[in-house]
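What follows is a single structure, written as structure tokens, with notes after it.
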Protein chains: 2
Amino acid sequence: MSQPDREARETVSADNFREVIRHLASGVTIITSMSQGTPVGMTATAVCSISATPPIILVSLTTTSHTAGGVQHTGAFAVHLITDSGKQYAEQFASKGDHFQGVSYQTDEVTGVPVLNDVLGHFVCRVEQSIPVADHILFVGRVVRCELKIKEPHPLLYFDRSYRKISPVSEAKAGNLEPWGSTQDSGLPGWGFF
Amino acid sequence: MSQPDREARETVSADNFREVIRHLASGVTIITSMSQGTPVGMTATAVCSISATPPIILVSLTTTSHTAGGVQHTGAFAVHLITDSGKQYAEQFASKGDHFQGVSYQTDEVTGVPVLNDVLGHFVCRVEQSIPVADHILFVGRVVRCELKIKEPHPLLYFDRSYRKISPVSEAKAGNLEPWGSTQDSGLPGWGFF
């Protein structure tokens with residue numbers, strides 16, 4: 001196939017891409033940091049676990065956002081998992097205006113980043129790598145503290161432009177599967193290498 | 001705080017990290033590629049959307065996996081979104097044995113990667129960057145083709161070591177929110193900049 005032919009076949013419009021990618025379900029998180037002495041934060045779904053040893057998380061933030069600026073400046077951020085009753089948090093941190101108004105939080109005493117109280121759980125991370133990709137920056141963060149705050153948590157989900165809940169019907173545990181996104185396909189059963 | 005004190009406070013065990021991170025809900029995907037003429041693939045949840053212009057996706061794969069090897073060699077991969085009736089696909093691609101046994105797929109004629117038929121949707125990507133992080137490789141992929149195959153799709157979820165479904169009760173659309181993980185917190189309302 002000639003180069004022009006190949007290029008013609010490899011052009012995906014933003015609208016076409018959005019139509020498909022909005023069907024990738026995700027948990028809703030809020031990413032916080034500090035920027036020039038002020039708490040900053042934003043709602044995010046592009047968050048994933050990378051490794052357990054050492055514990056590493058990745059988040060993708062819009063380059064021009066105040067939150068990305070804060071993370072770059074302080075070298076630290078917190079990731080909060082939001083419960084299905086916390087939709088107003090997600091909306092507030094995705095809206096214009098003061099994201100922290102009425103929000104209960106503490107300041108992490110080592111990194112200085114704000115840690116929200118009314119969440120399912122959180123991670124405090126130090127930036128190990130920052131990778132610019134298109135109009136976003138990927139922050140690879142080493143987890144230095146984490147806590148699960150609710151014993152039987154229900155996550156807030158995002159799917160096809162709507163906030164959603166998880167089905168209350170839980171199936172049997174799927175063995176040793178762990179959620180960091182990759183199976184061991186080199187001989188060990190399933191994700192059981194953890 | 002002295003350096004030893006700080007280090008003592010910043011040590012998170014793998015078990016502690018897993019206890020929290022497994023409560024990050026995610027959609028279930030299968031990543032495929034080719035390795036030495038053979039189709040390879042694995043179940044993965046560490047997948048996120050990075051940008052729409054250009055369309056870019058990130059996946060994190062175990063460095064030692066056959067799939068990561070295939071992606072490195074061919075420079076291409078496909079990401080498949082799995083439906084809530086496709087749990088057996090997720091289990092098969094996370095298990096030992098022949099991942100493609102009985103699986104209906106086609107070969108993408110430009111990149112050569114296998115594209116599964118019975119899925120919610122898929123993306124074919126060319127690798128733009130490969131970033132090693134701990135025992136994983138992050139592949140940043142430019143989307144060159146994508147398709148939504150089901151009009152009213154229901155995704156397969158993964159949460160707390162179980163396959164789950166999304167609640168059937170959909171709330172009103174949340175405006176222009178898009179799922180690539182980051183809000184515009186620099187003045188525009190919500191995620192409405194897309």
Side-chain angles (χ1 to χ4, degrees), chain A residues 10 12 14 17 20-25 27 42-46 48-53 55-56 60-62 64-67 81 94-96 121 133-136 140 143-144 146 148 153 155 157 161-167 170-171 173-174 177 179-183 185-186 189-191, chain B residues 10 12 14 17 20-25 27 42-46 48-53 55-56 60-62 64-67 81 94-96 121 133-136 140 143-144 146 148 153 155 157 161-167 170-171 173-174 177 179-186 189-190:
Chain A
E10 301 210 338
V12 172
F17 174 68
V20 188
I21 196 66
R22 63 173 60 125
H23 295 93
L24 173 63
M42 66 203 296
T43 308
T45 58
C48 53
S49 177
I50 304 297
S51 95
T53 313
I56 291 177
S60 168
L61 301 179
T62 308
T64 55
S65 67
H66 295 314
T67 307
L81 308 179
S95 70
K96 202 170 174 176
V133 176
D135 53 1
H136 281 65
V140 174
V143 177
V144 295
C146 63
L148 185 67
L157 305 176
R161 292 172 292 172
S162 294
Y163 291 109
R164 300 287 288 268
K165 298 182 180 185
I166 208 161
S167 165
S170 173
E171 302 189 34
K173 296 284 184 192
L177 304 203
W180 24 87
S182 49
T183 62
D185 65 351
S186 54
W191 293 340
Chain B
E10 302 211 337
V12 171
F17 174 68
V20 189
I21 197 65
R22 64 173 60 124
H23 295 93
L24 174 62
M42 67 202 298
T43 308
T45 58
C48 54
S49 177
I50 303 298
S51 95
T53 313
I56 291 176
S60 168
L61 301 178
T62 308
T64 56
S65 66
H66 296 314
T67 306
L81 309 179
S95 69
K96 202 171 172 175
V133 175
D135 53 1
H136 282 66
V140 174
V143 177
V144 295
C146 63
L148 185 67
L157 305 176
R161 290 172 293 173
S162 295
Y163 291 109
R164 300 287 288 270
K165 297 182 181 185
I166 208 161
S167 166
S170 172
E171 302 190 34
K173 297 284 184 193
L177 303 203
W180 23 86
S182 49
T183 62
Q184 175 67 285
D185 65 351
S186 53

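Just so we're on the same page: letters track the sequence lines, and every chain starts at 1.
Chosen from B/P155, B/A134, B/P153, the residue pairing most often with chain A at heavy-atom distances under 4.5 Å is B/P155.
A/L157 touches chain B through its side chain: at least one heavy atom from C-beta onward sits under 4.5 Å away, while N, CA, C and O do not. Proximity to chain B (any heavy atom under 4.5 Å) is restricted, for A/V140, to the side chain, taken from C-beta onward.
We find the CD1-CD1 distance between A/I21 and B/I50 to be 9.5 Å, quoted to the nearest 0.5 Å. One distance of note links SG of A/C146 with NE2 of B/H23; it measures 12.0 Å at 0.5 Å rounding. Taken from CZ in B/R164 to CD1 in A/I166, the straight-line distance is 4.0 Å, to the nearest 0.5 Å.
For B/F17 against A/I56, the heavy-atom pair with the smallest separation is CZ-O, 4.0 Å. Closest approach of B/L24 and A/C48 over heavy atoms only: CD2-CA, 4.3 Å.
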